[in-house]
Amino acid sequence: MENSSSSEASVGSGMTKSIYCLRCPRGCLLQVEEEGEQIVVSGNACKLGEAFALQEIRSPRRLFTSSLCVRGGTVPVVSVMSSQPILRDDIPRWVELCRTLEVEAPVVPEMCVAKNPFGDGIDLITTWYVERDNDAENQGR
Amino acid sequence: MTMIDFDVVVIGAGPAGMSAAIAASDEKVSVLLLDRNTELGGILPQCIHAGFGARRFKEDLPGPLYAHRLIEELKKRPVEVWLDSFVLDVSPSRKVTVLSKRGYEEIQARSIVLAMGCRERTRAQLKIPGTHPAGVYTAGTVQRMINREGWMPGKRFVILGSGDIGMIMARRITLEGGEVVRVLEALPFLTGLRRNYVQCLQDFGIELFLSRTITRIDGYERVEGVEVAPVDENLCPDFSQKEYIPCDTVVLSVGLIPENELSRKMGVVLDPFTGGPVVDQYSQTSVYGVFAAGNVVQIYDLVDDVSDHGALAGRYAACFARSLLQWQTPSLAFSWKAPLRSVVPQRILLQEMEENGLEVFCRVSRLLEHECRLVLRSDETVYYEKKLPFMRPAEMVACRLDKGILQQWKTHPPQRLQWEVV
């Protein structure tokens, strides 16, 4: 894979880059040509592809998903996501954040667990339910 | 024992089953949704990665949220949901035997939707030589351990197979502090979607080795290492170039098999290529009044397709329950030629009812990296044609046959219908 994509990249001028569009499962192979300030995108099947290529060249972003520890729940973890795609380079920071956070059951989907943690307006929100485990509580007493 | 009556009984509450229950309920029939798990959603709650719902909900959702959206839809409707209920048996006369905490119950259904989904291929099906230590898991099991149960099954991982779940788990393991030493694929091409390759492997610098497989698993109580060798086009390993890789966990992401124990017991005819029931465009199986939807029919690439198929099966199961359709009409069958591997639906029912045309899913068995023409023909007559820049086994091709063709077939039934790639 690594080889095939780089050989495709070398076709044409030296400034052409080949990237796969991640916007939908179709996964178009985009050719991105940088000519100074101007960026020309080809190979995209829809408009999303062009916007994606511009973003991917300048500052690639990914939707971040992970899980958090839950206290007093029927299951030990709950899944979370970033409310918007985060900068790819920020992924390690977000992973660290998820490691330190803990939430209290009950948890419902789309609950904000960290409001704007890195000052870029992106929140960390839950994506699933965790019910409170009343049995465990009673046994503990 | 009292017999409980329902118009439509849906078995399995994953995306296909929930969509089927929603669609059936919209047709104003009584619906019962059964699942052996204690929560709705099927496999979705453990698929915490994003990439679901681009078509149906027009946003990029993680699996649990996708399930949540369906659950919200389901809650708006008078669908009876029984969780923690295991279906023991379904008789051809549509009597469903259920075991739950309440005990043993029998339900008489007018129509049934099978939506049991699929399961993963395991080491036993791959026949990897070596010892049988702990630490050999399927990708879905590892996914469940990390995402739902909250523990890491190992430290140094070797992943066999470039299926989507395998690649997604490579990223997840890396983020959770594990080390992915190798991702191997026996075939000379990627079997998962490309976008997963980019954002799960490329982004994290995990290298994918194509045409390479595990030839031996080593270890006494726990996996200690694997022997890896390149394979030729017939998947025969070349032992002169073998290498030994120390690791403590082997993750298998080598494909899925539709789960059809119930269907088989009931006498539903299965397609040997898809592993699922032979269905018509209304998703009805060979057993009268029994419908099938989603991954139990064939392995779909996208959950949106699964949900759509579920909705279709649910709608027609409801129509059947209300006796709105006559199902005995003779049907046409599709045939197909290599390199096509499967075509779903396999049969076409011709009858007097409103038709919206139909969607056919084709999958090839090998990589065709050139321009192809997918053709549906009967001897000399070409009914459908689609030009494609390439065809890949990882990506199913959807073809839409319009209403006109079905009308034409009603008046002039074709001798045979064959799908071909030219």
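The figures that follow rest on heavy atoms only: side chains count, while hydrogens, waters and symmetry mates do not. Every chain is numbered from 1, with letters handed out A, B, ... down the list of sequences.
- Among all heavy-atom pairs drawn from M111(A) and V107(A), the shortest one is CE-CG1, 3.9 Å.
- For R363(B) and F361(B), the positive end is not near the middle of the six-membered ring at less than 6.0 Å and at most 45° from its axis.
- Contact of I19(A) with chain B is not made at all, since no heavy-atom distance falls under 4.5 Å.
- Heavy atoms of Q199(B) lying under 4.5 Å from chain A belong to its backbone as well as its side chain.
- Neither the backbone nor the side chain of R55(B) comes within contact range of chain A; no heavy atoms are under 4.5 Å apart.
- Atom OG of S66(A) sits about 7.0 Å away from atom CG of L175(B), to the nearest 0.5 Å.
- Between chain B and the residues V95(A), V80(A), V130(A), the largest count of heavy-atom pairs under 4.5 Å involves V95(A).
- For chain A, the nearby part of E39(B) is the side chain; its heavy atoms alone come within less than 4.5 Å.
- Neither the backbone nor the side chain of E59(B) comes within less than 4.5 Å of any heavy atom in chain A.
- Of the N and O atoms on the side chains of Y66(B) and D304(B), at least one donor lies less than 3.5 Å from an acceptor on the other residue.
- Listed options G150(B), G63(B), P45(B) were ranked by heavy-atom pairs under 4.5 angstrom with chain A; first place goes to P45(B).
- Minimum heavy-atom separation, I48(B) to S67(A): CD1-N, 4.4 Å.
- No more than 12 heavy atoms of other residues, nucleotides or ligands lie within 6.0 Å of NZ in K115(A), so this atom counts as exposed by the packing criterion.
- A salt bridge between E149(B) and R144(B) is present, with a side-chain N of the basic residue lying under 4.0 Å from a carboxylate O of the acidic one.
- Neither the backbone nor the side chain of F52(B) comes within contact range of chain A, judged by heavy atoms closer than 4.5 Å.
- Looking at I71(B), only its side chain comes within 4.5 Å of chain A, counting heavy atoms on both sides.
- Within the 4.5 angstrom heavy-atom criterion, only side-chain atoms of R69(B), from C-beta onward, approach chain A.
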